[in-house]
Structures are given as C-alpha cells and as structure tokens.
> 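Next up is a structure, given as structure tokens.
Since the model is a prediction, treat every value here as computed from it, not as a measurement.
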Amino acid sequence: MDKFVIHGGRRLQGSVTISGAKNASLALMPTSLLAPGKYELSNTPRNRDVTTFSHLLESLGVQAELNGNTLVLDSSNITSHEAPYEQVKQMRASIYVLGPLVARFGEAKVSLPGGCNFGPRPIDLHLKGLEKLGANITLEGGYIHAHCKRLQGAHFHFDVSSVGASVNIMMAATLAAGHTTLTNVALEPEVTALALMLIKMGARIEGLGTTTLEIDGVDELKPVNDSTIPDRIEAATYLIAAAATRGSVTAHNVDAHHLTAVLQALEDSGCELDVTENSIHVNMDANPKPVDITTAPYPGYPTDAQAQWSAYMLNATGTARIKDTIYPTRFGYVPELHRLGATIDTDDSSCFVKGGARLTGATVMSSDLRASASLVIAAMMAEGESEILRVYHIDRGYASIETRLTELGASIRREQTAEY
Ligand code: EPU
C-alpha cells in the first residue's frame, strides 16, 4: 500500500499537461472486441484503470501493449467470452465488454459488478437495452449470461441518462440487424468520442451530440486508430487545486468546451481565467466567494469533480452547498475532511461547506478516486503535514499525480506503508 505525505501551504504555479480521458479510454478499448485486428489508441492515459481494462481484454484473448501513451490492441484471436469476477470487481467499467461480445459472438458471460464505495450503481439499463435488442439475459451464480443469434435493431429509451449504458448499447447496436433508435442517450463527451470511433470503424450512426441516436446495423466493422480526448475531470482537478492554493496554473491539452460548468463555477468564485483553443490558465489570489454547485449529467457540473469543489470551498468567505443529483451519497470524504479541521454538514444529497475554518495536517483515508483527489487538495491547503492513505484509489484515474503536483510546487511524496 502506498500513501502520500503532503506539507501544505504552498501555492501551485506553472504548467501541467492533461492526460487523455480515463473514461473515454475505457469506452474506446472494448471496441476492439467488435472487429478483429489491430488498433492504436494514442493519448491513452497511463493510469491503473487502463491497465486493469487491458488485463481484462487480455483475458479474452486481446493482445494489449501500452507504448508511451499509445495503446496497441490486437484482437485477431478472441479466445474467451467471459469477464470473471476477479476482473470485474476491480472496475465497474468491465461491464463494457458485455455489449460488444454478445453483438459479435452471440454470447457473453460477465460477472455482476456488485457494490460501490459511493452508493448503489445499478446496471439495469445495460441489461434492459440488450434485451430490447433481442439478447436473452439470465443471472446465475453472480454472472450475467447473454445469448442471441443476432441482435435485432429496436427502439430503446434510457429512463435515466447513463454514460455506461449508452456506451454499451451503442456498441451493441452497431452490429445489430436493422435500425436502432436510442433516446435519452448521455451527452458526455466520452460517449460522443466513442460514437466517432465507431463511425470510423464503419458503423452508421447519426445524431451525434444529441440525445437521440439513429443507428443502422452493419454486418461487420473494421479496426482503426484513434486518439483519446483530453480528460476533463483531471483538468478540473488541477484547476481547482490551483485555485484552492491561491495559485497560478496553466493546463495544456484541454478542451474548454467540455469544462463549461466547472469554468463558470471557478469564475463565479473569483478566479481569473484565460482560455485558449487548447489551454486554460487559472489565477487566484484571494479567498474564494462561496459558490453552490449541483451536479447534473453533461453539460451540467460533473459529479466526478464535486469532491474537489468541496475541498476548495473550505477557504471560502461563507458557506457553499454541494449537491450531487447523480450519486446522492457520494460524500464519503466529508468525515476525512473533518479530520483536517473542516466544518461541513451533510443532508440527504448535499454537503454544506463552511469556509474559513483553520485546516491543520492529519492522517486521512481515501475511499474512492475523486474522494482522494479532494483529500490531496485539502491537504495542500492545510498547515503542516498530512498523510493520505490508500492512494491506490487515486492511481486509478490520475497518472503520476505526485510528480505533476511536485512540478507545480507542491510538497508531496509517495511512501510505502503497512497500514490499511
Ligand atoms: N443508472 C441506473 N441504471 C443503470 C446505469 C446507471 O439507474 O443501468 C444511474 C446511476 O445510478 C446514476 C446515473 O444513472 O445515478 C448515472 O450513472 P452512469 O451510468 O452515467 O455512470 P457510469 O457509467 O457507471 C460513468 C463514469 C463515472 C461517472 C459517471 C457519471 C466511467 C467509466 N465512469 O459511470 O466516473 O461518475 O459516469 O458521470 O465512465 C470516475 O471517473 O470517478 C467515475 C466514477
């Protein structure tokens, strides 16, 4: 187990290059199951979730190699249609192999993902969507078994806007016989990035960037090369960290269009922003005004950046309400922030951060990926030394965060610990 040791009180300054988006990579990688052959995915982030998903693909017979930031996948020889519990329990996005496997091979067996550290995360829409396309689905021994002769186009409406279900069902529909209409499709940029890659592969999809996709199934697709879009959540994390330390940081390799809600919140809090084609500069030299946020599906404020906002608001000149409508119980980090001296109340789906409390270093525990990012930011704001335990959570989605924060002037080092 690794931990971070952080000495707070330093201002972040300089430049950081943002990685490719973890959640886009995880959506692009399973396309390799839809057509045999070789794929090169550039701008792939070097984080633990990408490694975990590569191992899952390898267990199905795909050869995977990450050279620098180019992920080379060769799916010429698929040997298995089963995603075992050992793989799926490490990462819920493993469910993304279900749609492609059943669409191409007519069968798939995928372990049910099980619980999650920040509340229930059902997969009913993934299963209902595939059933609507004609898959026969049964649950047995903790596994989803899906069978079909060939998927058939149909109309499927997502009751809830879901990134994962949109990804899975879109991939499946590309190989279904006939026409599929998907309504209330998630608008997140990672979903559009997948649609663009599928179109390159020969899929016939219309309606990109809207909530209705019209898909004409094709008999086969072909392998292609693609590039991963910038990680809007990683960018949000560094920009918020800069503001929280009253810093001055430029994030490069970003798409500001994907960050409208976060940039608006930063501006409302008093930050100066300078946005160009592919960079965002943030400068903050005062305590922020309190800014309430409510998470919502894209283009709303992302749930994956709410914990970081709570940390930032610890310096605010009043109380800010952070409400999560996507995952109403995603506040596991609050008791850990209390250990640093924070004053935060919670109710059913919100926390109320009272700015201005004196923050002092302490030992705190990460509970999930974005919670860990929040703790790192808060520790950089606190006086003295903090230890952040279980940083394997942060390694899932942030490549070498301690190196990049050190380059920006933070005092943060990784150490091994026997503590759990
Ligand atoms: N939902 C259902 N039924 C389903 C699927 C989802 O009711 O079958 C609900 C969820 O309970 C939630 C809402 O729909 O309330 C949205 O969930 P979604 O399916 O969009 O989440 P996801 O696909 O499981 C992805 C990201 C998450 C991110 C959410 C929301 C990936 C691999 N994961 O998860 O990212 O929080 O969308 O934007 O893309 C992270 O990166 O830290 C992370 C957790």
> Has the side chain of Ser279 got a donor or acceptor atom that lies under 3.5 Å from a matching backbone atom of Val275?
no
> Is it true that atom CZ of Phe158 has more than 12 heavy atoms of other residues, nucleotides or ligands lying nearer than 6.0 Å?
yes
> Say whether, by atom type as modelled, one donor and one acceptor occur between the side chain of Asn67 and the main chain of Thr70 under 3.5 angstrom.
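A pair under 3.5 Å: no.
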> If you compare all heavy atoms of Glu190 against all heavy atoms of Arg232, which two are closest, and at what distance to 0.1 Å?
OE2-NE, 2.9 Å
> What is the distance from atom CG of Leu71 to atom OG of Ser42, rounded to the nearest 0.5 Å?
10.0 Å
> So, taking the atom named CD1 in Ile18 and the one named CG in Asp255, what distance separates them when rounded to the nearest 0.5 Å?
12.5 Å
> So, taking the atom named CG in Leu151 and the one named CG in Leu130, what distance separates them when rounded to the nearest 0.5 Å?
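Leu151 CG to Leu130 CG: 7.0 Å, rounded to 0.5 Å.
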> Measure from the side-chain N and O atoms of Thr325 to the backbone N and O of Thr295, and report whether any donor-acceptor pair falls under 3.5 Å.
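Between the backbone of Thr295 and the side chain of Thr325 there is a qualifying donor-acceptor contact (under 3.5 Å).
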> Under 3.5 Å, is there a donor-acceptor pair between the Asn253 and Thr17 side chains?
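Note: Asn253 and Thr17 side chains miss the donor-acceptor criterion.
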> Indicate the atoms forming the closest heavy-atom contact of Tyr398 with Ala373, along with that distance.
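Distance-wise, the nearest heavy atoms are OH-CB, 3.7 Å.
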> Looking only at heavy atoms, what is the nearest atom pair of Val88 and Ser94, with distance?
CA-OG, 3.5 Å
> Tell me if a side-chain donor or acceptor on Arg11 pairs with a main-chain N or O of Asp285 at a distance below 3.5 Å.
no
> Does this structure show an ion pair linking Asp2 with Arg414, if we count only N-O contacts that are shorter than 4.0 Å?
yes
> Mark yes or no for whether Asp49, through its side chain, and Gly397, through its backbone, hold a donor-acceptor pair below 3.5 Å.
no
> Hey, could you give me each pair passing salt bridge (Lys or Arg N to Asp or Glu O under 4.0 Å) that has a residue in residues 155-167? Not counting sequence neighbours.
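Passing the test, one end in residues 155-167: no pairs.
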> Report the C-alpha separation of Asn23 and Asp304 in whole Å, then their side-chain angles, then the decisive distance to 0.1 Å, and conclude whether the side-chain contact (heavy atoms from CB on, under 4.5 Å) test is met.
CA-CA 11 Å; Asn23 290 343; Asp304 293 340; 3.8 Å; yes
> Has the side chain of His338 got a donor or acceptor atom that lies under 3.5 Å from a matching backbone atom of Ile344?
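Flag set: sc His338 to bb Ile344 pair under 3.5 Å.
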> Look at the aromatic rings of Tyr96 and His126 and report parallel, tilted or perpendicular, splitting at 30° and 60°.
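Answer is parallel, since the angle falls under 30°.
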> Is it true that a side-chain atom of Glu234 and a backbone atom of Ser19 form a donor plus acceptor pair closer than 3.5 Å?
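Yes, because the side chain of Glu234 sits within donor-acceptor range (under 3.5 Å) of the backbone of Ser19.
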> Could you measure the distance from the CE atom of Met313 to the CD1 atom of Ile293? Nearest 0.5 Å is fine.
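Between Met313 CE and Ile293 CD1, I get 8.5 Å after rounding to 0.5 Å.
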> Of all the heavy-atom pairs spanning Ala261 and Pro299, show the shortest one and how long it is.
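Heavy atoms of Ala261 and Pro299 come nearest at CB-O, 3.7 Å.
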> Could you pull out all residues at least two apart from Tyr392 that satisfy ring pair (Phe, Tyr, Trp, His ring centres under 6.0 Å)?
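Not a single residue meets the ring pair (Phe, Tyr, Trp, His ring centres under 6.0 Å) criterion with Tyr392.
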> Is the His81 ring parallel, tilted or perpendicular to the Phe105 ring (thresholds 30°, 60°)?
parallel
> Rounded to the nearest 0.5 Å, what separation is found between the CD atom of Gln416 and the NZ atom of Lys3?
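Rounded to the nearest 0.5 Å, the CD-NZ separation comes out at 11.0 Å.
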> Give the minimum heavy-atom separation between Val282 and Ala242, together with the two atoms involved.
CG1-CB, 3.6 Å
> Nearest 0.5 Å please: distance from the SG atom of Cys351 over to the CZ atom of Arg330.
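If I round to the nearest 0.5 Å, the distance is 12.5 Å.
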> How close do Ala236 and Val262 get, heavy atom to heavy atom, and via which atoms?
CB-CG1, 3.9 Å
> State which residue, out of Glu82, Glu107, Glu140, fulfils the side-chain contact (heavy atoms from CB on, under 4.5 Å) condition with His145.
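Among the candidates, only Glu140 passes.
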> Show the numbers, then the answer: is there a side-chain contact (heavy atoms from CB on, under 4.5 Å) between Gln306 and Tyr333?
CA-CA 11 Å; Gln306 64 91 337; Tyr333 59 87; 2.7 Å; yes
